[in-house]
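Some notes on the structure that comes next.
Letters go in sequence order (proteins before strands), and every chain restarts at 1.
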Amino acid sequence: MAYNLCSSPSLFQDVPSVSFSSSSSSSRKFKFRNMSSSSFQPFPCHSFTSQSRTLLHAPHVSLQEPISEELPAEGKSPSYYKSSRIWVNPRSPRAKQLERKSYDARYTCLVNVAKSLDSCNPSQEDVSLVLKILGDRVLEQDAVTVINNMSNSLVAPFVLNYFQRRIRSTREAILYNVTLKVFRKSRDFDAMEKLFDEMIQRGIKPDNVTFSTIISCARVCSLPHMAVEWFEKMASFGCEPDEVTYSVMIDAYGRAGNIDMALHLYDRARTEKWRLDTVTFSTLIKMYGLAGNYDGCLNVYQEMKVLGVKPNMVIYNTLLDAMGRAKRPWQAKSIYTEMMNNGLSPNWATYASLLRAYGRGRCGEDALFVYKEMRGKGMEMSTHLYNTLLAMCADLGLADEAFEIFEDMKSSATCLCDSWTYSSLITINSCSGDVSEAERMLNEMIESGFEPTIFVLTSLVQCYGKAGRTDDVVKTFDQLLDLGISPDDRFCGCLLNVMTQTPKEELLKLKYCVDKANPKLGSVVRYLVEGLEEGDGEFRKEASELFDSIPEEVKKPFCNSLIDLCVNLDLLDMACQLLDLGLTREIYTDIQTKSQTQWSLHLKSLSLGASLTALHAWINDLSQVLEAGEELPPVLGINTGHGKHRYSDKGLASVVESHLNELNAPFHEAPDKAGWFLTTQVAAKFWLESRDLVTA
DNA sequence: CTAGGGTTAG
């Protein structure tokens with residue numbers, strides 16, 4: 001028997017017809033996936049140009065027309081062979097290539113049908129008109145390919161109906177499943193549920209594919225509870241979840257915030273010896289990353305390798321992204337190195353993750369090296385990738401590089417600037433205190449048709465605050481409200497930070513903003529700014545309520561700024577109360593540590609005011625130890641960290657050092673340990689006792 | 001691309 005893969009050679013200039021001798025046993029292997037050799041009916045595709053109009057108005061052309069009903073007898077050419085008939089050994093690469101080309105051509109035809117359907121009216125008549133071209137005998141496989149390539153969820157049900165009337169299938173769920181996929185593409189969960197009901201009513205049994213499609217649709221529609229609901233429904237339809245369903249559900253549970261359940265499923269999948277593949281692992285890594293469990297990400301990665309699953313690009317990119325979130329640039333680097341050693345070359349997602357990791361991890365040199373490498377490789381740029389570069393520059397304060405990248409972006413024909421682009425540029429200029437350049441960018445943003453976002457306005461508040469332009473801070477605040485944006489915690493934190501840099505006589509203007517933005521914060525600030533007398537722990541109670549009401553990640557910056565404000569206003573008692581509150585609520589942790597040989601004070605994560613307050617508290621604690629007749633350890637140390645401090649232009653070290661000098665404290669900078677001030681038990685004891693004499 | 005699952009921002 002000869003398989004004739006291309007019945008009309010003239011249609012394929014470079015694809016000659018092929019026949020395979022039945023004597024070759026390998027011809028069995030030569031078939032298309034999901035299709036038995038005998039069921040394959042080749043057809044020419046000459047009428048299928050990319051123009052769907054041509055397609056529709058070519059009624060004399062049928063996909064099936066030139067097909068010979070009888071396959072040619074061995075060694076005899078069918079009548080429609082004209083020329084260029086070549087015998088090809090089915091084992092040869094040439095045969096594989098021909099198979100490929102023939103398949104591709106057929107596939108392209110069906111994709112074009114799908115495209116025409118997408119742009120036609122959602123009616124049975126119009127759908128029939130397009131589909132007539134497939135002839136009366138439609139192959140199930142072709143129907144699947146057509147629907148699978150559609151994206152119009154209004155037309156899809158008519159197409160399904162058309163095919164159902166022409167195809168007698170023993171596996172009717174398939175056409176339903178592939179139609180469900182179209183709904184998934186347009187995120188139409190309601191349509192999905194409706195079609196499922198129809199399936200049931202027609203007595204067609206849903207299978208795992210049905211459920212995993214519905215579940216993953218719920219996921220992309222941000223309806224994780226629906227995903228769970230449908231998963232739990234499976235059993236009542238006689239479906240046992242398999243590895244794909246587990247993989248989807250691990251993700252759905254993760255996104256629903258039910259990580260325990262996700263891990264439970266993973267355990268089950270593992271003990272039931274499902275073949276776990278990279279998709280499941282990347283899902284797990286992603287889930288741990290979003291939950292902030294970064295060691296969990298690395299554990300999954302290790303476990304995956306132990307189980308013999310080879311990491312692919314998606315795994316590496318997901319890991320890199322997680323390490324970026326974790327602010328662990330060094331781990332991102334070693335993962336990237338491993339990726340390269342495994343012979344994989346970075347794509348856009350790799351670069352985006354790396355840039356983010358190095359930007360957030362303050363690794364300027366590494367980040368710029370990535371940028372150079374991208375340029376050197378001629379990496380195809382996108383708006384998103386440009387924006388990632390600009391965000392990296394904003395993280396690292398690289399104004400010149402940002403300008404260069406921005407110019408490059410504007411000269412690109414395909415990558416349009418968007419509100420993210422301007423946002424990064426405004427942030428960069430705001431951080432470097434360039435008010436006029438920040439304003440110029442804001443204007444350009446507005447002229448380009450983008451409204452300022454809360455991120456832009458937050459940056460501007462910071463910018464004006466730094467420049468001492470309190471009225472413009474207030475103006476920016478009002479602009480935020482005018483745009484109907486409600487101030488978030490970051491914005492309030494920024495206002496609070498501006499207050500720590502504002503002279504006392506202007507603070508009332510900012511208090512107005514804080515009051516409006518967050519009344520709880522306003523009532524705490526009132527004690528400081530209005531010099532409110534506090535009786536009976538009122539202040540502490542208000543501050544406690546404030547910290548109860550804000551999310552974990554903003555507690556420390558709020559507390560730092562509030563303490564700074566106290567210190568600026570000489571309200572040391574309230575500063576101490578806030579520090580104590582911060583310690584008891586574990587907003588600050590491990591500030592004081594004790595070992596056999598050394599007691600230490602760690603100030604690195606504290607603002608300047610909070611550092612000085614913590615220093616005073618520590619000195620008081622040490623005095624009390626002596627008063628109680630107990631001993632100090634051999635060494636006492638203060639760790640300020642070195643380098644530039646987040647909250648100050650001056651390093652924290654120099655501020656603490658001059659304060660220690662003022663106090664005549666015997667701490668001295670350690671020559672071999674940067675950022676440490678040390679003293680001995682004897683010196684400390686002598687100083688503390690003489691100090692107590694003075695204050696007594 | 002081949003009836004189901006995974007990687008792009010404050």
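Nucleic acid contact for R255(A): sugar-phosphate only, since backbone atoms but no base atoms lie under 4.0 Å from a heavy atom of the residue. Using a 4.0 Å heavy-atom criterion, one finds that A349(A) contacts the bases of the nucleic acid, with or without backbone contacts as well. Residue-level contact check: N312(A) touches the bases, meaning some heavy atom is under 4.0 Å from a base atom. Heavy atoms of T280(A) sit under 4.0 angstrom from at least one base atom.
Proximity note for V144(A) (side chain, C-beta onward) versus dG6(B), dA3(B), dG4(B): the nearest is dA3(B). If you check dT8(B), dG5(B), dG6(B) against the side chain of R219(A), the one that comes closest is dG6(B). Comparing dA3(B), dG6(B), dA9(B) against the side chain of D418(A) picks out dA9(B) as the nearest. Closest approach to the V209(A) side chain among dT7(B), dG5(B), dA3(B) is made by dA3(B) (side chain taken as heavy atoms from C-beta onward). Here dG6(B) is the nucleotide among dG6(B), dT2(B), dA9(B) with the atom lying nearest to any side-chain atom of V279(A). Each of dT8(B), dA3(B), dG4(B) was ranked by its minimum atom distance to the side chain of N177(A); first place goes to dA3(B). With dG5(B), dT7(B), dA3(B) as the candidates, the nucleotide lying closest to the side chain of T318(A) is dT7(B).
Side-chain nitrogen and oxygen atoms of K286(A) include at least one within less than 4.0 Å of the OP1 or OP2 phosphate oxygen of dT8(B). Between R360(A) and the phosphate of dA9(B), there is no side-chain N or O to OP1/OP2 separation shorter than 4.0 Å.
dG6(B) and dT2(B) are spaced 13 Å apart, taking the P atom of each and rounding to whole Å.
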